[in-house]
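Have a look at the structure below, then the notes.
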Protein chains: 2
Amino acid sequence: METLNTEEITIKDIAKVCGVGVSTVSRAINNHPDISPKTKQKIADAIEEYGYIPNNSARNLRRIDGKCIAVVVKGVSNPLFADAVQIMEEEIKKRKYSMVIRYVNFDEQEVDVAIELAKEKKLAGVVFLGGYFVREKKKLQKLRIPFVLSTAGANVDNISAEEYSVFCVDDEKEGYRMTDYLIRLGHKKIAVLSGMPDDASIGKLRLKGYKRALKEHGIAVDEDLILHMKRDIRFYSMENGYQMTQELLTGRKEFTCIFAFSDAMAIGACRAIADAGKKVPDDYSVAGFDGIEMGDYYNPQLTTIKQPIHEIAMESVTMLFEILDKKSENVRRIFSCELLERESTRHRKVL
Amino acid sequence: METLNTEEITIKDIAKVCGVGVSTVSRAINNHPDISPKTKQKIADAIEEYGYIPNNSARNLRRIDGKCIAVVVKGVSNPLFADAVQIMEEEIKKRKYSMVIRYVNFDEQEVDVAIELAKEKKLAGVVFLGGYFVREKKKLQKLRIPFVLSTAGANVDNISAEEYSVFCVDDEKEGYRMTDYLIRLGHKKIAVLSGMPDDASIGKLRLKGYKRALKEHGIAVDEDLILHMKRDIRFYSMENGYQMTQELLTGRKEFTCIFAFSDAMAIGACRAIADAGKKVPDDYSVAGFDGIEMGDYYNPQLTTIKQPIHEIAMESVTMLFEILDKKSENVRRIFSCELLERESTRHRKVL
DNA sequence: TTGTACGCGTTATCAG
DNA sequence: CTGATAACGCGTACAA
């Protein structure tokens, strides 16, 4: 039982080696102005030589203002968010803040994570990317620092007015837009791959838009054509889309078209159709939602609703900083999507 | 200038409210055995009521053994790693450890990140997922805690013997395996979408295997058919594959087949071929590497080298814990891949 | 320009 | 079973 381990090197060691006080080393590390170039260099050399790395826990504990923004992403697997994160990182760095990303699973509470992080890192603000904020008001109040809701299912009924800063698309409108488009292509029996049965967020809204479009065109809503995601499969995933489509194909319900509430599910649908020996768009049209990069590369290229993720990301961060600087109150910006008409949809075959 | 903010609630407040000492609260929080159920409940209630959340920085600072494993992932976008991370999380939780994931970009130093994290969180061990460990020996020595290299380009010449625990595939062999397969399909002019020109890791090894296969079949290596990734585009991405393939298609060099060193690049190649009005596999065969989920769903389904990522992930964590428990020395396990023959490749057309 | 000393919130130790 | 107290490593008033 020897103690041959952990001679961890601290700021004191560096100070001792350089024959200076710890505060001088601290100043050197944090680029304070009031330090002579000579001592600063000496300290830098010692740090390099001994491979000293400051302990972040200690720093965070002592620090008042971390100059740090957290981006809390719900759903690692959403490829849409990869771009958003990158843009946010650039914007945050541009303002001399540091950024910390935290990915949370669908079964985790993003607000709890943020609250914990805020304490730990002395955050200046938080960007919530994705996630639903239904019945989270109380929790959000416990988060004492400014935050924005980005690409969140936040135009939900529950979250009204200017309580929060929200940057998102109008899921109802976009659900309508796509459905309307599909109907104009001649489709009447449009199956839909939607969210969870108890979804109260984007899935619910897109579905609402779908139904409204049908009604306006005088088409009855057929509940049998509304499929819900499986709870035990990753949400909005290819596999979930695949499974739902298989059910459709083996069922007795007729349909000519599938509207999936994510591009990933649309791709799953395409594969299921191919596996059944049918063709997209000849036998069935398939449309997605999101505008992920893969939709471009897929064969056939996916017809979809493209979310302006770049603008959303940019605007979210910009506004967060304006709020931090007290230059702005909460705002709520709804972004318009673009309907990309591509290869996976076509006019309904006239028999 | 009022001070109307941050009445942050700490462990002391809870202690005061409950009429106990802070150490008792600490014990309650950390589930220490030596505490009466009654006080424990009282404390739990107070925590609930006041919404107290412990400060992680302070905890980490004081804590000796964090019972925490870090997984450092190089390349967020690699879909292969999503599965691996999930498996690792399960295994780590099963052993009552917590897990922290950190995604690093290609231009970041994963070892530095790990060293910093180790100090900050008092880590027990680290799993490096992806990443190349060429000329990193000195740095890895500074990381004083046990670690394993998983799916790393670690069977590189530079990293020899049993210095580290390594879990990976034999990239040279698998590069050979695929090339050999393609040659047996009748292809002689096989273009390859490889890594960076100065790659010293997986890209280099797969290329080595490719060349060896050609030579063994008596086919001369044509350097013009060896394309390298663009530095300014995300590595191993669809876009990178697309660009390289476009160059191939517009160039004067003949080829009948493309071997891409990632499935993503293979998909990019398929799209470029489609955009040029050609067909896969009728006009060109395309093969990938990795075995990502998308290869299953893509149209045509991708012929590829499937890495046994589940086994690699499982084994990596298992061995890390054995090393932590001093039950094992460093090991080096090479996993064998599976060649999935699917729709994107076919026999060379006989003209 | 530099050094000393205190405190951030928590856990480990030790004495009751 | 419980409480007081000393660290943990760093940043920052304040003194020099």
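In what follows, every heavy atom counts, from backbone to side chain, and hydrogens, waters and symmetry copies are set aside. Reminder, nothing fancy here: chain letters follow the sequence lines and each chain counts from 1.
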(request) Using only side-chain N and O atoms of A:S26, determine if any of them is under 4.0 Å from OP1 or OP2 of D:dG11. (result)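 Affirmative; the distance criterion is met.
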(message) Does C:dT11 have its OP1 or OP2 closer than 4.0 Å to a side-chain nitrogen or oxygen of B:N30?
(response)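 Checking C:dT11 against B:N30, a side-chain N or O does come within under 4.0 Å of OP1 or OP2.
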Whole-Å distance between [N] [atom2] and [X] [atom1]?
X      : N      : atom1 : atom2 : value
A:I29  : D:dG9  : CD1   : P     : 14 Å
A:I53  : D:dG9  : CD1   : P     : 14 Å
B:Y52  : C:dG9  : OH    : C1'   : 7 Å
B:I11  : C:dA12 : CD1   : C1'   : 12 Å
A:I47  : D:dG9  : CD1   : P     : 16 Å
B:K122 : D:dC8  : NZ    : P     : 10 Å
A:K12  : C:dA5  : NZ    : P     : 12 Å
B:R59  : C:dT11 : CZ    : P     : 5 Å

(request) Using heavy atoms to find the nearest nucleotide of DNA chain D for B:T39 and A:I64 separately, return the residue whose nucleotide is more 5′. (result)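 Counting from the 5' end, the first nearest nucleotide belongs to B:T39.
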(request) Please tell me which of B:S36 and B:V22 maps to the more 5' nucleotide of DNA chain D, matching each residue to the nucleotide holding its nearest heavy atom. (result)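 It is B:S36, whose closest nucleotide lies nearer the 5' terminus.
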If you check the [X] side chain, which of [options] turns out closest?
X     : options                : value
B:R62 : D:dC1, C:dT10, C:dT1   : C:dT10
A:S23 : D:dT12, C:dT11, D:dC10 : D:dT12
A:H32 : C:dG9, D:dT12, C:dT10  : D:dT12

(message) Would you compute the distance between atom CG of A:L149 and atom CG of A:L140 and round it to the nearest 0.5 angstrom?
(response)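 Nearest 0.5 Å value for the CG-CG distance: 6.5 Å.
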(message) Distance check, rounded to the nearest 0.5 Å: B:I53 atom CD1 versus B:Y50 atom OH?
(response)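 Going from CD1 on B:I53 over to OH on B:Y50, the span is 16.0 Å.
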(request) Have a look at A:I35 and say if it touches a base, only the backbone sugar-phosphate, or nothing, with a 4.0 Å heavy-atom cut-off. (result)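 Answer is sugar-phosphate: A:I35 comes under 4.0 Å of backbone atoms only.
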(request) Determine the contact category for A:D34: base if any of its heavy atoms lies under 4.0 Å from a base atom, sugar-phosphate if only primed atoms, P, OP1 or OP2 are that close, otherwise nothing. (result)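 Base contact - A:D34 has a heavy atom under 4.0 Å of at least one base atom.
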(request) Classify the side-chain pair B:S23/B:S26 by whether it contains a donor and acceptor separated by less than 3.5 Å. (result)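 No donor-acceptor contact under 3.5 Å links the two side chains.
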(message) Hydrogens and angles aside, do A:N31 and A:K40 bring a side-chain donor and acceptor to less than 3.5 Å of each other?
(response)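 Yes, A:K40 and A:N31 have a side-chain donor paired with an acceptor closer than 3.5 Å.
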(request) Between B:A58 and B:R27, just flag the one whose closest nucleotide in DNA chain C comes earlier from the 5' side. (result)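 First, find each residue's nearest nucleotide; the 5'-ward one identifies B:A58.
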(message) Any salt bridge linking A:R59 with A:E120? Criterion: basic side-chain nitrogen under 4.0 Å from a carboxylate oxygen.
(response)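 Result for this pair is no, no salt bridge flagged.
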